[in-house]
Amino acid sequence: MADLKRTVLYDLHHEFGAKMVPFAGYEMPVQYPMGVLKEHLFTRRHAGLFDVSHMGQILMTARSGRLEDAARALERLVPVDILGLREGRQRYALFTNEAGGILDDLMVANRGDHLFLVVNAACKQADLAHLKAALGADCDIGMVEDRALIALQGPEAEAALARLVPDVADMRFMDVGIRHWNGAELWISRSGYTGEDGFEISVPNRFAEALARALLEMEEVAPIGLGARDSLRLEAGMCLYGHDIDTTTSPVEANLAWAIQKARRAGGDRAGGFPGAGRILRELAEGPARLRVGLRPEGRAPMREGTEIFAGAEGGAPIGRVTSGGFGPSIDAPLAMAYLPAALAEGTTVHGEVRGRRLPATIAAMPFHPTRYKR
């Protein structure tokens with residue numbers, strides 16, 4: 001792993017006994033001695049600390065100095081209402097391409113006089129280039145290189161973080177703000193990728209280890225690796241870029257139409273005007289041919305990514321494939337997501353081919369495990 005990058009918390013991971021694996025060009029902790037299943041359940045019951053410093057943090061400021069101009073510029077690349085995003089709030093967004101596919105998914109925060117974007121690690125350099133090429137004439141756009149990013153997730157996350165930063169208790173889901181701790185400026189959002197209440201905290205590199213240690217000294221906080229992060233987000237029905245969404249999937253097919261606000265839809269104040277608008281607006285109006293759905297396989301055998309799905313127990317061509325799948329510790333059962341014909345209703349039985357055998361699975365609502373955000 002000599003050519004892989006390391007986050008500023010690399011030594012801390014080793015100290016806590018992490019197993020390190022390559023992920024998006026970084027050496028990242030996949031699990032700690034507790035193990036993936038117990039880490040998953042610990043996060044659901046208490047508070048898990050995740051190092052997500054590999055992700056991209058981007059600042060975007062209009063050359064005019066007006067936040068409104070930065071918002072209008074970004075709307076040229078995403079099918080999302082950025083202009084209507086209030087100061088101190090953030091919103092899920094998607095970069096789309098001319099074919100209506102997804103280049104990346106991201107979070108966008110309104111920080112008063114500029115926008116703060118958090119993008120996926122594997123896409124961050126491409127996203128930065130995309131932003132600069134399309135919007136560089138109107139906006140100053142730059143990657144934040146001197147800050148780590150940690151996520152504190154779980155029902156006891158608020159109590160833990162509030163010991164260090166008391167007024168985070170006043171934040172609600174998708175609020176963002178700047179707070180201070182021991183001389184460090186923290187950029188905090190009440191959000192995450194687990195379906196639990198929690199926070200994502202951007203912290204200067206030189207303070208990152210001290211902040212992580214201060215949290216990990218608390219009884220209700222434990223370090224959590226990428227393995228449990230994946231099973232937690234899967235139970236929450238959340239997409240992983242490059243697996244459940246990519247350049248071949250539209251936001252509507254991906255069951256992410258909720259992320260496209262009224263202002264950007266047909267008849268809205270700023271309808272269209274983003275890459276792939278023709279296809280995306282058509283699918284909103286007419287419905288897509290296929291849709292990302294949840295699957296609950298019968299029995300205990302998981303249906304993993306790539307599993308082909310068939311309508312019947314025998315014969316016929318595949319009707320879709322699993323994009324993410326595994327075992328859900330909180331529901332004590334296998335679960336999966338797949339793209340299937342949109343006409344198939346929840347409760348329909350389909351069959352996944354696992355090791356040469358077709359096993360039944362039921363199309364199920366997502367999330368598989370209830371979300372617990374503080375609204």
Side-chain angles (χ1 to χ4, degrees), residues 21 23-24 26 28-32 35-56 90-94 102 104-107 118-123 149-155 157 173-174 189-201 222-246 249 251 254-256 258-259 292-296 302-305 322-339 364-374:
V21 298
F23 184 81
Y26 285 78
M28 296 297 291
V30 67
Q31 66 179 71
Y32 295 85
V36 172
L37 187 143
K38 289 182 179 178
E39 289 174 29
H40 175 115
L41 295 174
F42 188 94
T43 304
R44 288 269 185 253
R45 293 169 185 155
H46 304 290
L49 187 70
F50 302 77
D51 180 10
V52 289
S53 305
H54 58 313
M55 297 183 74
Q90 74 173 6
R91 179 165 281 170
Y92 179 77
L94 303 142
I102 300 170
D104 198 11
D105 61 341
L106 65 151
M107 301 301 299
V118 177
V119 301
N120 284 304
C123 304
L149 190 65
I150 59 175
L152 185 66
Q153 300 282 295
F173 181 57
M174 292 298 221
S189 69
R190 192 153 198 165
S191 61
Y193 191 52
T194 62
E196 294 294 332
D197 182 27
F199 303 87
E200 293 195 345
I201 308 156
I224 310 295
L226 292 176
R229 181 171 159 86
D230 192 55
S231 57
L232 288 159
R233 70 91 193 168
L234 183 51
E235 285 186 344
M238 294 178 173
C239 294
L240 175 61
Y241 189 80
H243 299 260
D244 309 299
I245 50 175
D246 58 28
T249 60
N255 226 334
L256 298 172
W258 56 267
R292 178 179 63 93
V293 298
L295 289 179
R296 291 289 299 267
M303 294 182 182
R304 302 201 182 274
E305 181 179 358
V322 170
T323 54
S324 285
F327 190 82
S330 301
I331 63 172
D332 192 32
L335 71 174
M337 297 191 292
Y339 281 85
M366 294 186 288
F368 300 96
H369 183 269
T371 55
R372 295 188 283 195
Y373 305 126
K374 183 174 178 179

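Remark: Pro251 engages Leu94, Thr96, Ile102, Ile260, Ile280 in a side-chain contact (heavy atoms from CB on, under 4.5 Å) (not counting sequence neighbours). Applying the side-chain hydrogen bond (donor to acceptor under 3.5 Å, both in side chains) criterion to Glu200, with sequence neighbours excluded, gives no partner residue. Here Lys374 pairs with Glu158 under the salt bridge (charged side-chain N to carboxylate O under 4.0 Å, His left out) rule; sequence neighbours left out. Partners of Arg372 under the side-chain hydrogen bond (donor to acceptor under 3.5 Å, both in side chains) rule, at least two apart in sequence or in another chain, are Glu196. Every residue meeting the side-chain hydrogen bond (donor to acceptor under 3.5 Å, both in side chains) condition with His46, not counting sequence neighbours, appears here in chain and number order: Glu156. For Asp104, the salt bridge (charged side-chain N to carboxylate O under 4.0 Å, His left out) criterion is met by no residue, not counting sequence neighbours. Take Leu234 and apply the side-chain contact (heavy atoms from CB on, under 4.5 Å) test, not counting sequence neighbours, and it matches Ser324, Leu335, Met337. In this structure Ala122 satisfies the side-chain contact (heavy atoms from CB on, under 4.5 Å) test together with Ala24, sequence neighbours excluded. Tyr32 pairs by the ring-ring contact (aromatic ring centres under 6.0 Å, His included) definition with nothing, not counting sequence neighbours. Every residue two or more places apart in sequence or in another chain that forms a side-chain contact (heavy atoms from CB on, under 4.5 Å) with Ala365 is listed here: Glu346. With sequence neighbours excluded, no residue forms a side-chain hydrogen bond (donor to acceptor under 3.5 Å, both in side chains) with Arg91.
When all heavy atoms of Leu256 and Tyr92 are compared, the closest pair comes out as CD1-OH, 3.7 Å. Minimum interatomic distance between Met28 and Leu226 (heavy atoms only, all atoms of both residues): CB-CD1, 3.5 Å. Contact between Pro334 and Ile331 at its shortest, heavy atoms only, is O-CD1, 4.5 Å. Considering all non-hydrogen atoms of both residues, Thr323 and His243 come closest at CB-O, 3.4 Å. The two residues Leu149 and Met55 have their closest heavy-atom pair at CD2-CB, 4.4 Å. When all heavy atoms of Ser191 and Gln90 are compared, the closest pair comes out as OG-NE2, 2.8 Å.
From Asp197, atom CG reaches atom CG of Leu152 across 9.5 Å, with rounding to the nearest 0.5 Å. Atom CZ in Phe173 sits 7.5 Å away from atom OG1 in Thr371 (nearest 0.5 Å). How far CE of Met107 is from CG of Asn120: 11.5 Å, rounded to the nearest 0.5 Å. For the atom pair CD1 of Ile245 and CE of Met238, the computed distance is 12.0 Å after rounding to the nearest 0.5 Å. Rounding to the nearest 0.5 Å gives a distance of 7.0 Å between CE of Met366 and SG of Cys239. Here CE of Met303 is found 14.0 Å from CZ of Phe327. Values are rounded to the nearest 0.5 Å.
A donor-acceptor contact shorter than 3.5 Å is absent between the side chain of Thr194 and the backbone of Arg233. A donor-acceptor pair under 3.5 Å links the side-chain atoms of Glu39 to the main chain of Gly225, judged by distance alone. Listed for the Asp244 side chain is a donor-acceptor partner under 3.5 Å among the backbone atoms of Leu240. A distance-only check finds no donor-acceptor pair linking the side chain of Arg190 to the backbone of Tyr373 [under 3.5 Å]. Side-chain atoms of Asn255 never come within 3.5 Å of backbone atoms of Val293 as a donor-acceptor pair (strictly under, hydrogens ignored).
No side-chain heavy atom of Ile224 sits under 4.5 Å from any side-chain heavy atom of Gln153. In this structure the side chain of Lys38 never reaches within 4.5 angstrom of the side chain of Pro329, judged on heavy atoms.
Sequence neighbours left out, the pairs with a member in residues 324-337 that pass salt bridge (charged side-chain N to carboxylate O under 4.0 Å, His left out) are Arg300-Asp332.
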Does the side-chain contact (heavy atoms from CB on, under 4.5 Å) test come out yes or no for Arg44 and Leu232, once each step is laid out?
CA-CA 8 Å; Arg44 288 269 185 253; Leu232 288 159; 3.5 Å; yes
Kindly indicate, with the supporting measurements, whether the criterion side-chain contact (heavy atoms from CB on, under 4.5 Å) is fulfilled by Ile150 and Phe50.
CA-CA 6 Å; Ile150 59 175; Phe50 302 77; over 6 Å; no
